[in-house]
Amino acid sequence: MVMKKLEHIGIAVKDLSQSNALFAKLLGKPHYKIEEVASEGVRTSFFEVGGIKIELLEATRPDSPIAKFIEKKGEGIHHLAFEADPIQEKMSELSENGFSLLGEKPKPGADNKEIIFLHPKTTNGVLVELCQEKK
Ligand code: ZN
């Protein structure tokens with residue numbers, strides 16, 4: 001099953017408002033929304049460039065996955081998100097093909113999405129997110 005598209009690129013940042021200003025200068029336009037996903041301990045902001053979104057991720061608590069990521073690796077690219085629809089079908093296909101999924105079923109993410117991650121050990125060190133618009 002073919003991935004629909006590269007939906008967004010997630011970037012871990014320490015300070016969302018500073019990074020919003022930085023990326024606005026870089027891209028020539030401001031972020032278009034900010035959204036908090038309390039269950040994941042992240043606050044996100046979104047930019048759009050040529051149909052692809054940039055998702056900045058800031059931790060809202062010390063035990064958030066983003067806080068741990070920054071502690072280990074510093075700020076930077078956190079994940080690539082591919083749109084898969086239907087996501088369940090892609091998940092089954094990938095696990096049958098030896099990819100390791102982080103979880104049994106998709107969970108709520110930012111931007112009205114259901115998401116699930118693949119373990120980077122099975123994807124050349126790249127954290128890959130599958131996402132699908134909530135229906
Ligand atoms: Zn994402």
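As the structure lists them, so they are numbered: ligands from 1, and atoms in each ligand from 1. This one's a predicted model, so the numbers in the text were calculated from it and none came from an experiment. Starting from 1, each residue takes its place in the sequence as its number.
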Is the Zn ion (ligand 1) less than 2.8 Å from at least one N/O/S atom of E7? no
Kindly report the NE2-the Zn ion (ligand 1)-OE1 angle for H8 and E55 respectively, rounded to 10°. 90°
When the aromatic ring centroids of H79 and F117 are compared, is their separation below 6.0 Å? yes
Taking just the N, O or S atoms of E129, which one is nearest to the Zn ion (ligand 1)? OE1
Do the rings of F46 and Y32 sit parallel, tilted or perpendicular, given the 30° and 60° boundaries? tilted
Contact between L16 and R43 at the side-chain level, heavy atoms closer than 4.5 Å - yes or no? yes
With a 4.5 Å heavy-atom cut-off, do L130 and M91 have their side chains touching? yes
N/O/S from H79 sitting under 2.8 Å away from the Zn ion (ligand 1): yes
